[in-house]
Protein chains: 2
Amino acid sequence: MPKERKTITDFKKLILLLKERKICKRTVVVWPEDSHTQEALFKAVQEGFIQPILVCSKQTREDFAKKNAFQSIDAESPEEAARKAVELVKKGEADILMKGFLNTDVLLRAILDKEVGILPKDTVLTHITAAKLPEYNKLLFFTDAAVIPNPNDKQRRAQVQYIVDFCHAFEIECPKVALIHCSEKVDERHFPYTVSYRSLKEEGEAGAFGKCVIDGPLDLITSCSTEAMKVKHIVSSVNGEADALVFPDIEAGNLFYKTITLFCHAETAAILQGTIAPVVLPSRGDTIESKFYSLALASLISR
Amino acid sequence: MPKERKTITDFKKLILLLKERKICKRTVVVWPEDSHTQEALFKAVQEGFIQPILVCSKQTREDFAKKNAFQSIDAESPEEAARKAVELVKKGEADILMKGFLNTDVLLRAILDKEVGILPKDTVLTHITAAKLPEYNKLLFFTDAAVIPNPNDKQRRAQVQYIVDFCHAFEIECPKVALIHCSEKVDERHFPYTVSYRSLKEEGEAGAFGKCVIDGPLDLITSCSTEAMKVKHIVSSVNGEADALVFPDIEAGNLFYKTITLFCHAETAAILQGTIAPVVLPSRGDTIESKFYSLALASLISR
């Protein structure tokens, strides 16, 4: 009898699934010197889906790692911690990489290093967020809020593939992906990417990304409200029920992330994709909860 | 004794102010053949701040205009209605122009017509929205959600000037204007407009736009949350209390508008600026309430 598959529609269900499947991932944490990172980690360990390896200062080793019986490796500086952590991932000794209390640039430099780094050649690095909005009845995945300023065709194709794979990991059988624009019209002159949206839609129909539905250009409201779609007399395979949004550029993606966080009580989780292991890369303003959910997300996605 | 000035922090206060000042504006409405436009108009007339002139079909004249004793002018088509309405504004016989049930393109063609149109030569046409978000303690003005795809320096300067003037009309003595970007760093290579943000900030400090505070690049959260600004150790004259947001491009502006409408229970009002009279240009999905508030906004702004 085939195992029953249940779509994960919020973060609580994600945590339950991780427990049900007894998923526990080795997570190397770079320079976890702040209480937010430590609390998120502690919570994830308690829930059982994370086995941490801290690359930290001696102080944190004494105060936090030893006390909780967490494995730890000494480092003198954030830079050294980043190098050591990336090395561990490269050697296959960790399944997830998490950023602690250091500048994003420092960690990215180690990740992207051509010799010791963990981004395979010719692979697109991008950022994917999962959000639970009180006003939307399922998780909403989107890309890219943090990495690629203006995606070119290759990068956008990779974003679509990653996000479809993501949705599949969340047991969404046939995810609906909306390619976001301010209108539904292709406008080559002002918005050249709307032309590539049409190509992606056709590639999607031909099965290039696996089982999914892709449509665009669509605006946010047409993508996420069946009622509004009908009022506007638009026919779309996404049907106002988008699982995933691909934004035109980082300004749009980042703004969406910040608007729903600040004004819509959204819960979010985010990771980098493209690297040989998922990277949890919180920003300074992120809550403990968001870091915790990001660890959960990474645990599900990590192979 | 100077008249006491009270900042308008929501749309109810705006309506009260219009009544208090006994403001009543002649508003020419192009092709008001739908119930949404008619209901918004009816409400504005009841509140006393609008005196409508309908340019409509004979049917609407019989069914709606006559019944309510509204002045009306016959038109055979939306195109004719647009021309006649714009003409009225040009002759100084109407203070506000409002779009009814027709394609935006048709009305814009009449507005922008070089001979009979109502956009003065070398004047920037842009779109300004006022929003009341449940999570923000005052009105938030922003530009541009609908007109200029990628503002150049001249257009952005005009946007800043319009929005500062807007805030002054709302009795905000020294409006705080945030120039929005995904980060706080100037990045000439990927985001050339962040350089012009710095110039605008300097021009603002020199008094070029009247009494106001301008800062940027700032992200949305730093612009609208004093607490988050402090967590990120950022010092900004906007101080997390932005009255107005200037977005980098139409994708960002339009997405913000749609996100707060769809997911944040925002109330909004919007008009075009640059024309010799304010233009209320609702989109198909807008609510009656939003059209009503837009009329109120136009009434305050119209000279």
Side-chain angles (χ1 to χ4, degrees), chain A residues 36 104-105 131 133-136 140 144-150 180-183 185 187 189-191 193-194 217 219-225 227-234 240 245 247-266 283-287, chain B residues 36 104-105 131 133-136 140 144-150 180-183 185 187 189-191 193-194 217 219-225 227-234 240 245 247-266 283-287:
Chain A
H36 273 209
T104 299
D105 296 353
L133 291 148
E135 301 296 314
Y136 205 58
L140 193 54
D144 172 329
V147 176
I148 307 175
N150 290 290
I180 299 294
H181 175 49
C182 58
S183 101
K185 287 177 199 149
D187 176 349
R189 191 172 143 223
H190 296 109
F191 311 102
Y193 45 83
T194 56
D219 82 357
L220 178 78
I221 294 186
T222 310
S223 304
C224 297
S225 164
E227 200 192 324
M229 187 194 72
K230 286 180 183 162
V231 167
K232 289 171 85 178
H233 300 290
I234 287 166
L245 311 175
F247 287 111
D249 56 32
I250 200 174
E251 293 286 18
N254 188 271
L255 183 64
F256 184 73
Y257 182 89
K258 286 170 178 168
T259 306
I260 63 173
T261 306
L262 186 63
F263 292 134
C264 312
H265 301 278
S283 53
R284 285 165 295 179
D286 284 350
T287 59
Chain B
H36 272 209
T104 299
D105 296 352
L133 291 148
E135 302 295 314
Y136 205 58
L140 192 55
D144 169 330
V147 175
I148 307 174
N150 289 291
I180 299 294
H181 175 49
C182 58
S183 100
K185 288 178 197 146
D187 177 349
R189 189 171 144 224
H190 295 109
F191 312 102
Y193 44 83
T194 55
D219 82 356
L220 178 78
I221 296 186
T222 309
S223 303
C224 297
S225 164
E227 201 193 322
M229 186 195 72
K230 285 179 184 163
V231 168
K232 290 171 81 178
H233 300 292
I234 286 168
L245 311 175
F247 287 111
D249 57 31
I250 198 173
E251 292 287 17
N254 188 271
L255 183 64
F256 184 72
Y257 181 89
K258 286 170 178 166
T259 305
I260 62 172
T261 306
L262 186 62
F263 292 133
C264 312
H265 301 278
S283 53
R284 284 164 297 178
D286 284 350
T287 59

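Quick note: numbers below take in every heavy atom, side chains included, and nothing from hydrogens, waters or symmetry partners.
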Practice prompt. Start with the C-alpha gap between B/Tyr136 and A/Leu262, add the side-chain angles, then the distance that decides, and say whether side chain to side chain contact (heavy atoms under 4.5 Å, CB included) holds.
Written response: CA-CA 10 Å; B/Tyr136 205 58; A/Leu262 186 63; over 6 Å; no
Interatomic distance, [X] atom [atom1] to [Y] atom [atom2] [nearest 0.5 angstrom]:
X        : Y        : atom1 : atom2 : value
A/Ile221 : B/Tyr257 : CD1   : OH    : 7.5 Å
A/Phe256 : B/Leu220 : CZ    : CG    : 12.5 Å
B/Glu135 : A/Cys264 : CD    : SG    : 8.5 Å
B/Ser223 : A/Lys258 : OG    : NZ    : 9.5 Å

Of all heavy-atom pairs between [X] and [Y], which one has the smallest distance, and what is that distance?
X        : Y        : answer
A/Leu255 : B/Ala252 : CD2-O, 3.2 Å
A/His190 : B/Pro149 : CD2-CG, 3.7 Å
A/Asp105 : B/Lys185 : OD2-NZ, 4.4 Å

Worksheet item: Taking every heavy-atom pair that is under 4.5 Å apart, which of A/His181, A/Lys232, A/His265 has the most such pairs with chain B?
Response: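 When all of A/His181, A/Lys232, A/His265 are compared, A/His181 has the most.
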Practice prompt. Against chain B, work out which of A/Thr261, A/Val231, A/Asp219, A/Asp187 has the most heavy-atom pairs shorter than 4.5 Å and name it.
Written response: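 Ranked by heavy-atom pairs under 4.5 Å with chain B, first place is A/Asp219.
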Please state whether the side chain, the backbone, both or neither of [X] comes within less than 4.5 Å of a heavy atom of chain A.
X        : answer
B/Leu140 : side chain
B/Leu133 : side chain
B/Pro248 : side chain
B/His233 : neither

Discussion item. Just so I know, are the side chains of B/Thr259 and A/Phe263 near enough to count as touching, which here means a heavy-atom distance under 4.5 Å?
Written reply: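 B/Thr259 does not reach A/Phe263 side chain to side chain.
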Discussion item. Would you say that B/Glu251 contacts A/Tyr193 through its side chain, given a criterion of any heavy-atom pair below 4.5 Å between the two side chains?
Written reply: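 B/Glu251 reaches A/Tyr193 side chain to side chain.
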